[in-house]
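Because the structure is predicted, anything quoted here is derived from the model rather than measured.
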Amino acid sequence: MYEELMAQLTPRPRLNLTWYQNKDFYSEGEVEDTIVRLIAENEPENYVQAIADNFCWSVYYHLTHTRKNLLNWYPFSPQASVLEIGCGMGAVTSMLCDKCRDVVAVELSYRRAVGTLLRCREKENLEIIVGNLNDIAFEKKFDYITLIGVLEYQGSYTGTDNPYLDFLKKVKTLLKPNGRLLIAIENQYGLKYWCGAKEDHTGLPFEGMNQYTISNKKVRTFSHKGLQKLITQSGFSNTFFYYPMPDYKLPAVVYSESCLPKDKNMLNMQYYYVPDNSTLVAQEKNIYGDIIDNGVFGFFTNSFMVECSDGEALGEITFASMSSQRFPEYQVGTRFAKSGQVTKFALAGEAGRRHLEETYENERALEKRGLHVWESRWEEKELVSAYAEAQTLEEKLLEVYHSKDTADMYALWDRVLTEILASAEEVSWEDNILYTFGLDIVPDKERYGMILKTGYLDMIPRNAFVKEGIIYWFDQEWTLENVPAGFVLYRALLRFYCSYEEANQTLPLSALAGRYGLAAGWRDYQRLESLFFGVVTDAAHMAESEAFCGDVRKACLESIARITGR
């Protein structure tokens with residue numbers, strides 16, 4: 001089967017079977033044949049519909065482009081040589097090929113190696129070696145080595161008395177001087193495990209807390225300190241810890257030891273549980289606020305991504321977030337550098353760069369209208385700005401809401417509306433975009449207020465700084481023509497209140513809707529927002545990513561009832 005597929009597609013990478021023992025030591029079963037077939041039948045990295053048509057965890061996990069978020073922000077040197085240990089079905093391999101000069105990918109399973117070969121069939125800078133790393137004699141050393149979901153299995157694949165340490169020592173011999181090792185692994189004490197989620201490798205709840213003494217499988221993860229100690233003992237003098245959330249498998253945002261989350265919001269994080277949530281006893285998302293307030297986020301984070309080196313200073317990038325739920329042409333990543341530089345980049349390469357150009361143009365247009373915009377510039381097809389030592393408008397609003405000063409709350413929202421009204425010239429009420437979408441809306445001169453020639457939809461509190469009393473806007477990605485100013489304000493209010501539900505207890509959203517005359521058009525704005533969301537967001541991809549979330553509260557209540565017998 002595999003030879004026929006490879007002959008049909010004539011892949012360009014080299015497949016090296018020198019070290020293959022003609023036996024695959026692990027497998028998820030026949031579903032892997034399905035995944036290889038889907039890779040062969042579809043254009044590389046265009047798998048959203050294939051996942052939907054063959055939906056299950058294995059297909060989704062191996063093929064979703066969300067996997068790339070673990071490292072698509074990392075500042076690899078373009079001239080670097082990379083060793084990827086345990087490439088699986090190539091979830092990040094093609095991205096490494098795009099970023100670096102050459103890649104060697106090692107995979108124990110022939111079937112999975114073929115999946116990677118076909119997935120990366122257009123890459124000429126890739127060699128795939130099938131075999132156990134401990135058996136392979138390499139002819140060169142590497143600038144970077146990645147261990148993504150590999151270290152935890154060395155109890156089974158490194159036959160020594162101290163397999164985890166000895167494996168890392170072996171890996172270190174393959175690095176060039178000042179080369180970097182990148183390790184991604186679950187946290188033994190991740191918050192999801194305290195909440196009762198099944199351990200990713202053994203399928204048993206509380207396995208890590210019980211020190212892996214229940215299943216007797218030769219697999220384990222480590223605590224923050226335990227992993228740090230293991231890496232140091234293997235000979236690495238420097239480490240820098242990253243905290244991908246919700247974990248390293250499907251990250252949307254990556255915090256670090258020098259940039260920790262400030263509140264429980266964490267960019268509206270989505271939590272998922274595989275294979276199910278039936279053993280949960282607590283809601284993970286409700287606990288992060290206290291964990292962050294108590295300064296122990298690094299101990300409880302679900303996963304680690306650790307940068308290791310012998311000499312060079314690490315942690316060049318301190319934070320990254322990825323908008324990968326969108327269609328490729330709109331997918332954007334943001335990374336913060338230790339130097340103070342903030343960079344926005346296209347996740348899908350050339351396909352997304354036009355969108356970044358439009359963002360830059362939008363910000364320049366706001367400046368021409370007399371609004372303050374945080375300075376940005378073009379640099380090597382990326383949008384670059386300086387880090388702002390200032391509160392965001394969202395943080396300022398939270399501060400005011402916590403003070404419960406209603407007058408100050410209204411004053412801030414009044415300022416937001418003033419900025420929105422000044423952002424574009426007014427057009428006739430008859431040009432209102434709401435009348436052009438076939439929504440059966442009866443034209444009404446008074447219903448929607450001022451109609452803006454251009455509506456800057458990202459004039460939301462999260463996309464503005466407040467410095468010395470001045471509001472500076474940034475990340476102005478989206479515009480619509482002939483939009484009610486009320487719709488722009490509606491989006492600003494909705495983003496804030498959806499992120500901080502407790503705000504409604506302090507100042508009801510309905511009160512603001514009444515103050516600004518939004519109530520009459522509220523339902524129409526909801527419909528317009530739904531249409532806009534559909535144009536930008538890949539609904540199939542989003543549905544796939546939400547499939548493993550489930551009703552967490554219900555699952556917790558059912559688990560507690562089983563435990564207590566009530």
Side-chain angles (χ1 to χ4, degrees), residues 26 28 57-58 60-62 64 66-71 85-86 88 91-92 146-158 163-165 167-168 181-231 239-257 266 269-277 279-280 282 284-285 287-288 291 296-308 548-549:
Y26 65 91
E28 293 177 54
W57 169 250
S58 291
Y60 175 70
Y61 172 69
H62 286 291
T64 178
T66 305
R67 296 280 304 280
K68 292 181 175 61
N69 288 350
L70 178 66
L71 289 173
I85 302 174
V92 301
T146 66
L147 288 178
I148 302 173
V150 171
L151 178 61
E152 57 266 42
Y153 290 104
Q154 293 317 304
S156 298
Y157 299 111
T158 298
Y164 305 99
L165 178 61
F167 180 72
L168 283 181
L181 170 65
L182 305 175
I183 302 173
I185 188 172
E186 290 86 357
N187 177 9
Q188 179 181 356
Y189 297 112
L191 181 57
K192 69 177 183 179
Y193 295 144
W194 290 102
C195 291
K198 296 175 182 179
E199 209 276 348
D200 288 58
H201 311 91
T202 69
L204 297 176
F206 303 107
E207 176 81 327
M209 288 71 174
N210 285 301
Q211 309 303 311
Y212 295 94
T213 58
I214 299 176
S215 68
N216 292 318
K217 291 185 177 181
K218 293 182 178 180
V219 61
R220 66 155 303 152
T221 59
F222 303 89
S223 67
H224 191 295
K225 189 171 183 178
L227 184 58
Q228 171 78 66
K229 181 178 179 181
L230 182 67
I231 294 168
T239 61
F240 188 84
F241 273 71
Y242 290 97
Y243 309 119
M245 289 293 292
D247 62 14
Y248 83 82
K249 293 185 178 74
L250 302 173
V253 59
V254 180
Y255 293 97
S256 76
E257 62 181 69
M266 291 191 287
M269 193 60 55
Q270 184 179 81
Y271 305 96
Y272 70 96
Y273 303 95
V274 176
D276 55 58
N277 60 17
T279 56
L280 291 177
E284 179 183 352
K285 70 174 185 178
I287 306 173
Y288 278 109
I291 283 176
V296 290
F297 180 78
F299 179 81
F300 285 102
T301 184
N302 285 328
S303 292
F304 305 119
M305 205 286 281
V306 193
E307 191 179 18
C308 317
F548 302 100
C549 301

List the atom of [X], the atom of [Y], and the distance in Å for their closest heavy-atom pair.
X: N277; Y: C549; answer: ND2-O, 3.5 Å
X: R220; Y: E152; answer: O-CB, 2.9 Å
X: P251; Y: N69; answer: O-ND2, 2.8 Å
X: P244; Y: S303; answer: CD-O, 3.8 Å
X: K192; Y: N302; answer: N-OD1, 3.0 Å
X: Y272; Y: P246; answer: CE2-CG, 4.0 Å

Practice task
Would you sort out whether F167 and L151 count as a side chain to side chain contact (heavy atoms under 4.5 Å, CB included), showing the intermediate values?
Solution key: CA-CA 8 Å; F167 180 72; L151 178 61; 4.1 Å; yes
State the [atom1]-[atom2] distance between [X] and [Y], to the nearest 0.5 angstrom.
X: Q270; Y: L250; atom1: CD; atom2: CG; result: 9.0 Å
X: F300; Y: S223; atom1: CZ; atom2: OG; result: 11.5 Å
X: F304; Y: T239; atom1: CZ; atom2: OG1; result: 11.5 Å
X: M209; Y: Q188; atom1: CE; atom2: CD; result: 8.0 Å
X: L204; Y: S215; atom1: CG; atom2: OG; result: 5.5 Å
X: L191; Y: I287; atom1: CG; atom2: CD1; result: 5.0 Å

Handout entry: Side chain to side chain, I183 and L168, heavy atoms closer than 4.5 Å
Key =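 Counting from C-beta outward, I183 and L168 do come under 4.5 Å.
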Exercise for the section: Find out whether M305 and V254 are in side-chain contact, i.e. whether some heavy atom of one side chain is under 4.5 Å from a heavy atom of the other. Expected result: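 SC-SC contact between M305 and V254 ruled out.
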Practice task
Using the side chain to side chain contact (heavy atoms under 4.5 Å, CB included) rule, take K198 and D276 through it: C-alpha gap first, then chi angles, then the decisive distance, then the call.
Solution key: CA-CA 8 Å; K198 296 175 182 179; D276 55 58; 3.2 Å; yes
Exercise for the section: List in chain and number order the residues that pass ring pair (Phe, Tyr, Trp, His ring centres under 6.0 Å) with F222, two or more places apart in sequence or in another chain; answer none if no residue qualifies. Expected result: Y164
Practice task
Scan side-chain atoms only and decide if T221 and E186 contain a donor-acceptor pair under the 3.5 Å cut-off.
Solution key: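 Side chains of T221 and E186: no pair found under 3.5 Å.
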Exercise for the section: Give the ring-plane orientation class for F548 versus W57, where under 30° counts as parallel, over 60° as perpendicular and anything between as tilted. Expected result: perpendicular
Practice task
Please name the residue in the list W194, Y189, F241 that meets the ring pair (Phe, Tyr, Trp, His ring centres under 6.0 Å) test with F299.
Solution key: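 Among the candidates, only Y189 passes.
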Exercise for the section: Go through the steps to decide whether Y61 and R67 satisfy the test side chain to side chain contact (heavy atoms under 4.5 Å, CB included), and finish with yes or no. Expected result: CA-CA 8 Å; Y61 172 69; R67 296 280 304 280; 3.4 Å; yes
Problem - Centroid-centroid under 6.0 Å between Y271 and Y273 rings - result: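 Between Y271 and Y273, the centre distance exceeds or equals 6.0 Å.
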Handout entry: Sole residue of I85, I185, V92 in side-chain contact (heavy atoms from CB on, under 4.5 Å) with I148
Key =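 Filter result, single survivor: V92.
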Handout entry: Residues which pass side-chain hydrogen bond (donor to acceptor under 3.5 Å, both in side chains) with H224, listed by chain and number, not counting sequence neighbours
Key =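 Scan of H224 (side-chain hydrogen bond (donor to acceptor under 3.5 Å, both in side chains), adjacent residues dropped) gives Y243.
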Exercise for the section: List for me each residue that meets side-chain hydrogen bond (donor to acceptor under 3.5 Å, both in side chains) alongside Y193, sequence neighbours excluded, and say none if there are none. Expected result: D200
Practice task
Check the pair E199 / Y212 against side chain to side chain donor-acceptor pair (under 3.5 Å), numbers first and verdict last.
Solution key: CA-CA 10 Å; E199 209 276 348; Y212 295 94; 2.9 Å; yes
Problem - Donor-acceptor contact below 3.5 Å, side chain S156 vs main chain K218 - result: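 Yes, the answer is positive, given that a donor and an acceptor are paired below the 3.5 Å cut-off.
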Problem - side chain to side chain contact (heavy atoms under 4.5 Å, CB included) between H201 and K217, intermediate numbers included - result: CA-CA 9 Å; H201 311 91; K217 291 185 177 181; over 6 Å; no
